[in-house]
Amino acid sequence: MSLLEVRDLTVRFGRHRTVAVDGVSFSLAAGGRLGLIGESGSGKTVTALAILGLLPGNADLSGEIDLAGHRIATLSEQRLSRLRGDVVSMVFQEPMTALDPTMRAGRQVAEVLRLHAGAEAGPARDRVVAMLAEVGLADPERVADSFPHQLSGGQRQRVILAMALINAPELVICDEPTTALDVTVQATVLEKLDQVLDASGAACLFISHDLAVVSQVCDQVMVMLDGRLVESGSVAELFTNPKHPYTKGLVATARLDAVEPGQRLPVVEDFYHPATGESR
Amino acid sequence: MQLGLRIAKRLGVFSVSLLGASLLIFAITQALPGDVAQVLLGTDATPEAVAQLRAQLGLDRPWLVQYLDWIGGILTGDFGVSHLSGDAVVSLLLPRLAVTMWLVGFAMFGSLLLAVPAGMIAALKRRSWQGILVSASAQVGMAIPVFWGGILAVVIFAVWLRWLPANGYVPLTQNPASWAAHLVLPVLTLSAVQAAVLIRYVRSAFVEVLNEDYYRTARSIGWTPMRALFRHGLRNVAISLVTVLGLQVSSVLVGAIVIESVFSLPGLGSLLMTAVAQRDLLVVQGTVMFLVLAVLAISALVDFSYLLIDPRQRTGREA
């Protein structure tokens, strides 16, 4: 049985019942790595929030989400809260704002531990520092004692990573975890994520708009467009034999090594026109 | 900014405001029609007698001399002497200051105790009837004048239910139980009226938190909505709430003056009212100066409380 099973997930918002996610189905095995790729507004984050049961109050959800033997939609808020941060955790996109500005980083990580494992403050501190070191922070003691505004974007994102991983969850959802970071930091954070996921054996749903980034972490990938899954398969398949015109565009933009010097860089619109949905 | 510089700057603003306030207070009391000599001698007095008494009291001197005399005294802790009773203004003020400070202090505390949980519920349940009920009650509460609220409280709790005394005051040192009983109704009334104003701020501050990324993070690690707001929202809300509280202080003081007359409390308010009616100008000036001092001191405290609440103001980029 797979760890995560999503069947015919549809999410609508507000009075006009605008469709954000439209009949999405996929599954993810324990320890698997699945990329979800698409542009902003394609429904990636909404899918992730639906899995966590964190959709806003004006969202209307249909379909089924089974996570580690729990049917998400039927759980009470209390039961869901016990899963979040323990069985499933999330790494958010905005390292600058995703941490509480008034609380030291170490305490925010320790909180995840104490919330679920009921750990005492003393041992919790040791585990927090060890976890911060594991996600690649050179000076974990100092980072633990710092407030978020005293840390760089890369450091903050590692703190968030530590929060997501410290309870050894079965599934880690990463929502564009490196988009806000500059490219050199991006590479080291991705490398670290890859290592830590390997070490813990956690499954990962990795959301991004960047095929190159997804291919560094995942072996399977799904392409989302306007709330629907338009294509899925292994990363290798997608790169060598993209079927949907939108995917073709993504592959071309991700493979800049194929571009001759002096040639115009490819854009997705060369392959797929968003307004008409027609390929060129 | 460096802490020392910041404190020095704040103290500078504090002194200049105080000086400005003293000028204004003096000018306004001088502009009041009627004078204490007339009050002392009664309506039958001859103009000559009134002029003679004015000269005796030093009221015929140029206003600048009178102002410097007054402000110079204040700087050495001497607020002057009441023309009417001959008592030192300070000795009139201090026992009454205690009453007003208890009232204002408890009312500020009480209004927070009411407004924070109510505002939190109003934010969290803003789409259901509980939230709408809280917001609607706050609207109604804001529309109720403080004196009317006081009278209502007296009618219900003192006259009908006979739980608490309707008015009067007993000093803490004399009888603590009776002191508390006499303060309950005025404090409750003032708290409720202030809370009605505060709830709106608290609610909108918490609604903002609900849209923050760190709130979503708190939810994603397993906090329930209420506990996420407590753990990660309260401190962030406090930063904006202290500002509002600082601005509210003067309106609480005004409310306290009204409440004091409703409940016949011997506080600064009733002292001020009598002094104004009798044109006892030095008492008026002294009392108002004290109130201004209190407001300015509290707003300075508010400014420094940011340092306690918000680590971004306390520490630079490097720890």
Side-chain angles (χ1 to χ4, degrees), chain A residues 45 48-49 52-54 56-58 76-105 107-109 111-116 139 141-152 159-160 163-164 166-167 169 173 175, chain B residues 1 116 120-132 203 205-243 305-319:
Chain A
T45 302
L49 291 177
L52 282 169
L54 277 181
N58 61 348
S76 68
E77 186 51 49
Q78 287 289 331
R79 297 274 311 276
L80 265 175
S81 292
R82 260 174 261 149
L83 293 184
R84 291 185 206 122
D86 195 24
V87 173
V88 57
S89 65
M90 185 147 177
V91 179
F92 290 99
Q93 187 176 141
E94 306 86 359
M96 290 315 189
T97 51
L99 291 169
D100 181 348
T102 63
M103 196 185 269
R104 291 180 201 278
R107 273 192 67 194
Q108 300 195 48
V109 183
E111 208 177 75
V112 192
L113 203 56
R114 300 176 70 184
L115 194 55
H116 295 284
D139 195 358
E141 293 272 356
R142 191 190 65 83
V143 170
D145 288 332
S146 300
F147 286 102
H149 72 276
Q150 296 166 321
L151 303 172
S152 69
V159 170
I160 295 168
M163 286 172 75
I166 195 158
N167 278 336
I173 301 176
D175 186 4
Chain B
M1 202 198 304
V116 171
M120 195 185 269
I121 289 167
L124 213 50
K125 309 243 174 207
R126 64 193 182 287
R127 290 198 184 89
S128 64
W129 65 270
Q130 293 104 319
I132 294 166
R203 177 187 180 275
F206 273 115
V207 167
E208 242 171 74
V209 169
L210 290 174
N211 294 319
E212 293 283 355
D213 292 332
Y214 61 75
Y215 173 76
R216 197 172 59 172
T217 307
R219 294 293 313 283
S220 83
I221 66 170
W223 290 117
T224 55
M226 191 62 109
R227 296 185 68 195
L229 275 188
F230 256 107
R231 288 286 295 188
H232 296 282
L234 208 52
R235 197 176 258 265
N236 286 287
V237 165
I239 295 168
S240 53
L241 195 58
V242 218
T243 318
S305 71
Y306 289 132
L307 294 174
L308 287 178
I309 301 170
D310 191 352
R312 284 164 296 189
Q313 310 225 9
R314 193 163 58 223
T315 48
R317 262 196 70 82
E318 293 307 313

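Throughout, a chain's letter reflects where its sequence line sits, starting with A, and its residues are numbered from 1.
Using a 4.5 Å cut-off between heavy atoms, A/Leu54 contacts chain B through its side chain alone, with no backbone atom that close. For A/Arg79, no part lies under 4.5 angstrom from a heavy atom of chain B. Contact annotation for B/Ile309: only backbone heavy atoms (N, CA, C, O) come within less than 4.5 Å of a heavy atom of chain A.
For the salt bridge (charged side-chain N to carboxylate O under 4.0 Å, His left out) test, residues two or more places apart in sequence or in another chain that qualify with A/Glu94 are B/Arg216.
Nearest heavy-atom pair across A/Leu52 and B/Ser220 is CD1-CB, 4.5 Å. A pairwise comparison of heavy atoms in A/Pro101 and B/Pro311 identifies O-CG, 3.3 Å as the closest pair.
Applying the salt bridge (charged side-chain N to carboxylate O under 4.0 Å, His left out) test to residues at least two apart or on different chains, the pairs with a partner in residues 84-93 of chain A are A/Glu77-A/Arg84.
Counted within 6.0 Å of CZ on B/Phe230, heavy atoms from surrounding residues, nucleotides or ligands total 12 or fewer; the atom is thus considered open. Counting non-hydrogen atoms of other residues, nucleotides and ligands closer than 6.0 Å to CZ of B/Arg231 gives a total above 12. Atom CZ of B/Arg126 has more than 12 neighbouring heavy atoms from other residues, nucleotides or ligands inside a 6.0 Å radius.
Interatomic distance, CD1 of B/Ile221 versus CD of A/Gln108, reported as 8.0 Å (0.5 Å rounding). With rounding to the nearest 0.5 angstrom, the OG1 atom of A/Thr102 is 7.5 Å from the CZ atom of B/Arg312.
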Audit row: A/Asp100, B/Asn236, side-chain contact (heavy atoms from CB on, under 4.5 Å) steps and yes/no: CA-CA 8 Å; A/Asp100 181 348; B/Asn236 286 287; 3.0 Å; yes

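At least one donor-acceptor pair under 3.5 Å links the side chain of B/Thr217 to the backbone N or O of A/Ala98.
In terms of non-hydrogen atom pairs under 4.5 Å with chain B, the most contact-rich of A/Glu111, A/Met103, A/Met90 is A/Glu111. For the set A/Val112, A/Ile160, A/Asn167, the entry with the most heavy-atom pairs within less than 4.5 Å of chain B is A/Val112.
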